[in-house]
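In what follows, residues are counted from 1 in the order of the sequence shown.
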Amino acid sequence: MIKALPKVLFFLLIVRPVVYLMLGLNLLQREKLPVHGPAILAANHNSHLDTLVLMSLYPLTTLHRVRPVAAADYFLRNRFTAWLSLNLIGIIPLDRQGEVGKDKVFELCQRALADDQILLLFPEGSRGDPEQLQPLRKGIYHLARSQPGTRVTPVALHGLGKALPRGGSMIVPFNCDAVVGDPLEPGEDCDAFMNELQTALEDLLTQCITRSKEQEG
């Protein structure tokens, strides 16, 4: 518990005030969040805030089991962000430059799932345009299949691409939503699972967009 204290304080005093007060995050269908692993949260990706928002969906007492798989070229770009990302956020760094083999990252993710942790993944692979879901990559299927009992829970994030857009450096107050879908079990057919996950994320994102328009009206 003492080892986890810096992480808990970081989220309690800095991250959560930004997410829930400045951004006014609304969480829908919280009861569908997995409370223990092995599990994977699969979310759309529009902003560097996505990782912190997904982690903020969990109670402080559960944070030590939530492990985001995040881009090393951003989160390890200098000594300060590397220390923060590895020690306070607890990322599993994903090297998109090809300097570290994918097998190594896959192995670290497998270890986390075997330890009943919850992985946060963005199956699009990189940030896209707000509210536009890109085709999903199949790595999430193979990872989920590698550890028996792993289920994939889709989560749609809405508004974060406007709160901190790609290329931006300042957070803009903008109401944001997160809606959690039903968990999916990876079966024998990779393409069928990927289509199911893509459809689930598109449907959840449509719910977010519809809700936002209704509130504006």
Side-chain angles (χ1 to χ4, degrees), residues 28-29 32-34 38-54 57 67-75 91-106 108-110 112-113 118-147 150-168 176-213:
L28 307 177
Q29 302 177 168
K32 294 183 179 181
L33 279 174
I40 299 174
L41 286 193
N44 58 310
H45 195 21
N46 297 144
S47 170
H48 282 310
L49 288 173
D50 294 341
T51 296
L52 296 178
V53 167
L54 286 173
L57 304 183
R67 299 291 306 279
V69 181
D73 55 292
Y74 180 82
F75 285 92
I91 72 166
I92 296 175
L94 174 63
D95 179 23
R96 298 185 295 188
Q97 310 303 317
E99 296 179 6
V100 178
K102 292 183 179 179
D103 290 343
K104 179 64 175 178
V105 178
F106 192 77
L108 293 173
C109 292
Q110 284 182 305
L113 291 175
I118 301 167
L119 293 183
L120 309 183
L121 284 176
F122 302 108
E124 293 169 281
S126 61
R127 287 171 296 159
D129 296 327
E131 285 69 73
Q132 297 295 320
L133 190 67
Q134 304 177 83
L136 309 183
R137 300 185 180 184
K138 296 181 179 180
I140 189 171
Y141 169 80
H142 298 292
L143 179 59
R145 290 279 293 177
S146 71
Q147 182 63 34
T150 301
R151 296 202 294 177
V152 179
T153 299
V155 180
L157 302 174
H158 174 263
L160 294 170
K162 296 179 180 179
L164 183 61
R166 184 168 51 184
C176 302
D177 298 311
V179 56
V180 186
D182 294 316
L184 308 175
E185 294 190 20
E188 298 291 337
D189 191 325
C190 175
D191 289 337
F193 173 80
M194 295 307 301
N195 288 335
E196 187 178 14
L197 179 58
Q198 180 98 24
T199 299
L201 283 171
E202 288 174 349
D203 289 346
L204 293 172
L205 191 54
T206 298
Q207 288 183 38
C208 288
I209 295 172
T210 300
R211 181 178 184 275
S212 178
K213 289 181 179 180

Legend entry - Distance-minimising heavy-atom pair for G181 and T153: O-CG2, 3.5 Å
Inset, instruction - Could you list the residues that satisfy salt bridge (Lys or Arg N to Asp or Glu O under 4.0 Å) with D50, not counting sequence neighbours? - result: none
Legend entry - L157 versus A43, closest heavy-atom pair with distance: CD1-CB, 4.3 Å
Inset, instruction - Say whether, by atom type as modelled, one donor and one acceptor occur between the side chain of Q134 and the main chain of E124 under 3.5 angstrom. - result: no
Inset, instruction - Report the distance from atom SG of C208 to atom CG of N44, rounding to the nearest 0.5 Å. - result: 8.0 Å
Legend entry - Least distance between heavy atoms, E188 atom then Y141 atom: O-OH, 3.2 Å
Inset, instruction - Identify which one of I91, L94, L41, L121 satisfies the side chain to side chain contact (heavy atoms under 4.5 Å, CB included) criterion when paired with P68. - result: I91
Inset, instruction - Please report the shortest heavy-atom distance between A192 and D189, naming the atom on each side. - result: N-OD1, 3.0 Å
Legend entry - side-chain contact (heavy atoms from CB on, under 4.5 Å) between L197 and L184, worked out: CA-CA 8 Å; L197 179 58; L184 308 175; 4.0 Å; yes
Legend entry - Value rounded to 0.5 Å, distance of CG in L160 from CG in L54: 8.5 Å
Inset, instruction - Provide the full list of side-chain hydrogen bond (donor to acceptor under 3.5 Å, both in side chains) pairs with a residue in residues 200-210, sequence neighbours left out, each pair given once. - result: Q198-E202
Legend entry - Neighbour count >12 (heavy atoms, 6.0 Å) for atom NZ, K32: yes
Inset, instruction - Apply the side chain to side chain contact (heavy atoms under 4.5 Å, CB included) test between L28 and each candidate in L204, V179, V155; give the one that qualifies. - result: V179
Legend entry - V180 backbone acceptor or donor facing Q29 side chain under 3.5 Å: yes
Legend entry - Interatomic distance, L119 atom CG to Q147 atom CD [nearest 0.5 angstrom]: 10.0 Å
Inset, instruction - Give the ring-plane orientation class for F75 versus H48, where under 30° counts as parallel, over 60° as perpendicular and anything between as tilted. - result: perpendicular
Inset, instruction - Please report the closest heavy-atom contact between P186 and T150, naming both atoms and the distance. - result: CD-O, 3.5 Å
